[in-house]
S.K.: 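Next up is a structure, given as structure tokens.
As the structure is a computational prediction, the values presented were derived from the model and not from experiment.
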Amino acid sequence: MIEVMFGESEGGAMRAAKNYRKPDYHNGATAWFGKKPSKEEFDKMFDGEPVGGDASQVVCLPFLLDMGDISVPVESEYRKNFILNMYTTNQRDDTELSAEYEAAWKRYINEIARLRQFAKQGESIRLWYSDAPYSLCGFYHACSILEKYNCKVSVVKLPSHIRLSDTTLQFFISWGEVEAGKFHQFLDLEKELNVCERKTFASRWLELREENAPLRAMINGTLTGVNEDFYDFVIRKELPEGEIVMARLIGNILGKYRFGVGDWWYANRINRMIALGEIEVVEEREELYRRILKRK
């Protein structure tokens with residue numbers, strides 16, 4: 001079974017999940033901040049089962065398709081530069097990171113080729129997606145790739161929450177929040193897509209490309225094209241009267257508003273608001289996220 005993920009962190013977790021093994025309590029490489037847990041606590045923390053198969057059966061397509069121009073091909077220089085700018089938002093000198101990303105981009109493009117090859121070979125393909133805008137866009141894009149192939153395609157959609165006990169719920173926005181050993185718990189949710197569904201979801205990607213809004217967001221359960229300032233209201237809402245470190249401001253937003261949007265997008269919009277004179281930089285720092293800000 002080929003597993004398809006739409007984010008870097010969830011892709012890494014799924015690679016570990018395919019043949020998951022609990023770390024060894026006594027001789028493992030696990031590091032701890034503070035006191036090491038007891039054996040019982042350790043076993044509970046890392047309890048899990050493998051999904052089956054191996055890491056080579058995982059395809060990761062982390063193209064952030066909820067943001068930016070999608071009228072151009074995903075493999076384009078535009079998308080490459082767009083993602084690079086997002087990932088280097090916190091760097092003044094991004095030369096080293098840019099070199100690393102050049103290698104990462106080649107890997108991203110190769111992942112699309114791998115997905116097509118698996119589909120051409122008739123492999124069974126399982127798409128793991130959620131209602132996070134980047135994930136849903138990635139899902140629609142993947143369906144557009146797979147539409148012409150005669151292979152089995154199934155999906156596992158992340159539920160909004162699961163019940164851990166009679167008094168405790170765990171909420172999710174993306175597969176990046178699921179630990180490697182826990183993916184197996186969601187296999188019962190797998191559903192095969194029929195031809196009609198695959199065509200419908202592929203058509204939805206074409207519609208989004210034709211609309212080509214600057215940003216795509218979930219509004220009342222529907223993926224909708226919006227203006228690039230759509231999330232700016234939460235920045236204004238969380239910006240205090242006094243001074244605040246940029247990283248703290250972004251952390252407060254991420255903790256309170258679970259829109260499935262990464263820190264880099266909020267940083268990008270904060271930088272835009274600084275350029276427009278809406279936010280003032282009180283003190284510059286080497287790391288942009290460490291700058292001290294205040295509202296004007």
Side-chain angles (χ1 to χ4, degrees), residues 4-11 13-14 60-71 74 79 82-83 86 89 126-145 153-162 169-178 183 186 189-191 193 197-238 249-270 272-273:
V4 180
M5 315 301 291
F6 302 107
E8 282 278 22
S9 61
E10 60 203 56
M14 178 56 78
C60 186
L61 306 176
F63 289 99
L64 303 178
L65 296 176
D66 58 320
M67 304 175 185
D69 188 347
I70 56 173
S71 66
V74 171
R79 180 56 47 177
F82 181 88
I83 298 178
M86 287 288 103
T89 299
R126 185 160 52 200
L127 309 173
W128 299 72
Y129 77 102
S130 71
D131 278 335
Y134 80 88
S135 183
L136 195 51
C137 286
F139 168 62
Y140 290 152
H141 171 243
C143 286
S144 74
I145 293 174
V153 179
S154 60
V155 297
V156 182
K157 183 179 180 183
L158 183 68
S160 63
H161 67 276
I162 59 173
L169 299 178
Q170 182 177 2
F171 289 87
F172 301 103
I173 189 62
S174 78
W175 285 108
E177 298 170 313
V178 178
F183 278 93
F186 299 91
L189 300 178
E190 182 178 4
K191 174 182 177 293
L193 296 184
E197 289 171 318
R198 290 163 66 169
K199 287 183 177 296
T200 299
F201 295 138
S203 295
R204 182 63 182 128
W205 176 243
L206 292 179
E207 291 170 1
L208 291 171
R209 290 191 66 190
E210 289 174 1
E211 180 186 34
N212 196 30
L215 188 67
R216 283 148 291 282
M218 289 296 286
I219 301 178
N220 294 329
T222 301
L223 189 64
T224 306
V226 296
N227 292 330
E228 61 184 355
D229 62 356
F230 179 76
Y231 297 112
D232 287 6
F233 77 96
V234 299
I235 299 174
R236 297 186 180 99
K237 189 173 182 179
E238 294 305 313
L249 173 60
I250 294 173
N252 291 346
I253 293 170
L254 292 174
K256 188 177 293 187
Y257 305 94
R258 295 172 57 80
F259 297 140
V261 178
D263 61 277
W264 54 82
W265 180 259
Y266 292 115
N268 178 61
R269 294 306 303 168
I270 289 171
R272 178 64 176 163
M273 294 165 81

S.K.: Once you round to the nearest 0.5 Å, how far does NZ of Lys237 lie from CG of Asn252?
M.R.: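 If we round to the nearest 0.5 Å, Lys237:NZ and Asn252:CG are 13.0 Å apart.
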S.K.: Can you confirm if the NZ or CZ of Arg269 lies within 45° of the ring axis of Tyr266 and under 6.0 Å from the centre of its six-membered ring?
M.R.: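 Because its charged atom misses either the 6.0 Å distance or the 45° angle limit, Arg269 does not stack over Tyr266.
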S.K.: Quick one: are Glu177 and Gln170 in side-chain contact, heavy atoms under 4.5 Å?
M.R.: no
S.K.: Go through the steps for Lys157 and Lys191 under the test side-chain contact (heavy atoms from CB on, under 4.5 Å), then give the verdict.
M.R.: CA-CA 9 Å; Lys157 183 179 180 183; Lys191 174 182 177 293; over 6 Å; no
S.K.: Between Arg198 and Cys143, is there a side-chain heavy-atom distance shorter than 4.5 Å?
M.R.: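 Cys143 does not reach Arg198 side chain to side chain.
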S.K.: When rounded to the nearest 0.5 angstrom, what distance separates CD1 in Ile70 from CD in Glu210?
M.R.: 10.0 Å
S.K.: Report yes or no: does Ser203 contribute a side-chain atom to a donor-acceptor pair with the main-chain N or O of Lys199 at less than 3.5 Å?
M.R.: yes
S.K.: Do Trp265 and Leu215 come close enough that some side-chain heavy atom pair is under 4.5 Å?
M.R.: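 Side-chain contact under 4.5 Å: yes.
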S.K.: For the CG atom of Asn268 and the CZ atom of Phe82, what is their distance to the nearest 0.5 Å?
M.R.: 7.5 Å
S.K.: Working to the nearest 0.5 angstrom, can you tell me the gap between Ser71 OG and Leu208 CG?
M.R.: 12.5 Å
S.K.: Is it the case that over 12 heavy atoms from other parts of the model lie below 6.0 angstrom from the CZ atom of Arg272?
M.R.: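 No.
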S.K.: Between Ser130 (side chain) and Ile173 (backbone), is there a donor-acceptor pair under 3.5 Å?
M.R.: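 Such a contact is found between Ser130 side chain and Ile173 backbone.
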S.K.: Evaluate the side-chain contact (heavy atoms from CB on, under 4.5 Å) criterion for residues Met67 and Ile83: first the C-alpha distance (whole Å), next the side-chain angles of each, then the deciding distance (0.1 Å), finally the verdict.
M.R.: CA-CA 9 Å; Met67 304 175 185; Ile83 298 178; over 6 Å; no
S.K.: Side chains of Tyr231 and Val226, heavy atoms from C-beta outward: is any pair under 4.5 Å?
M.R.: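 SC-SC contact between Tyr231 and Val226 ruled out.
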S.K.: When rounded to the nearest 0.5 angstrom, what is the spacing between CZ in Arg204 and CG in Leu136?
M.R.: 8.5 Å
S.K.: Considering residues at least two apart in sequence or located in another chain, which fulfil the ring-ring contact (aromatic ring centres under 6.0 Å, His included) criterion with Phe230?
M.R.: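 Residues passing ring-ring contact (aromatic ring centres under 6.0 Å, His included) with Phe230: none at all.
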S.K.: Give the minimum heavy-atom separation between Gly176 and Ser9, together with the two atoms involved.
M.R.: CA-OG, 3.7 Å
S.K.: Is there a donor-acceptor pair under 3.5 Å between the side chain of Arg126 and the backbone N or O of Glu190?
M.R.: no
S.K.: At their closest point, which heavy atom of Phe171 faces which heavy atom of His161, and how far apart are they?
M.R.: CD2-CB, 3.6 Å
S.K.: Could you walk me through whether Trp205 and Leu65 pass the side-chain contact (heavy atoms from CB on, under 4.5 Å) test, one step at a time?
M.R.: CA-CA 10 Å; Trp205 176 243; Leu65 296 176; 3.7 Å; yes
S.K.: Quick check: does any side chain N or O of Arg216 sit under 3.5 Å from a backbone N or O of Gly68, one acting as donor and the other as acceptor?
M.R.: yes
S.K.: For the residue pair Glu197 and Leu193, what are the closest heavy atoms and their distance?
M.R.: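 Nearest heavy atoms, Glu197 then Leu193: OE1-CA, 3.3 Å.
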S.K.: Is there a side-chain contact between Glu10 and Val178 in this structure, where contact means two heavy atoms from C-beta onward sitting under 4.5 Å apart?
M.R.: no
S.K.: In Å and rounded to the nearest 0.5 Å, what is the CD1 to CD1 distance from Ile235 to Ile270?
M.R.: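 These two atoms lie 5.0 Å from each other.
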S.K.: Parallel, tilted or perpendicular for Phe259 and Phe233, by the 30°/60° rule?
M.R.: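 Geometry flag for Phe233 against Phe259: tilted rings.
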S.K.: Counting only heavy atoms from other residues, nucleotides and ligands, does the tally under 6.0 Å from NZ of Lys256 exceed 12?
M.R.: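 Incorrect, the count does not exceed 12.
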S.K.: Less than 6.0 angstrom separating the ring centers of Phe183 and Trp128, yes or no?
M.R.: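 Yes, the ring centres sit under 6.0 Å apart.
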S.K.: Quick check: closest heavy atoms across Ser144 and Ala202, and the distance to 0.1 Å?
M.R.: CA-CB, 3.6 Å
S.K.: Evaluate Phe139 against Val155 for side-chain contact (heavy atoms from CB on, under 4.5 Å), listing each step before the verdict.
M.R.: CA-CA 9 Å; Phe139 168 62; Val155 297; 3.5 Å; yes
S.K.: For residues Cys137 and Asp66, report the shortest heavy-atom separation together with the two atoms involved.
M.R.: SG-CA, 3.7 Å
S.K.: Do you know which two heavy atoms are closest between Tyr129 and Ser135, and how far apart they sit?
M.R.: CA-OG, 3.3 Å
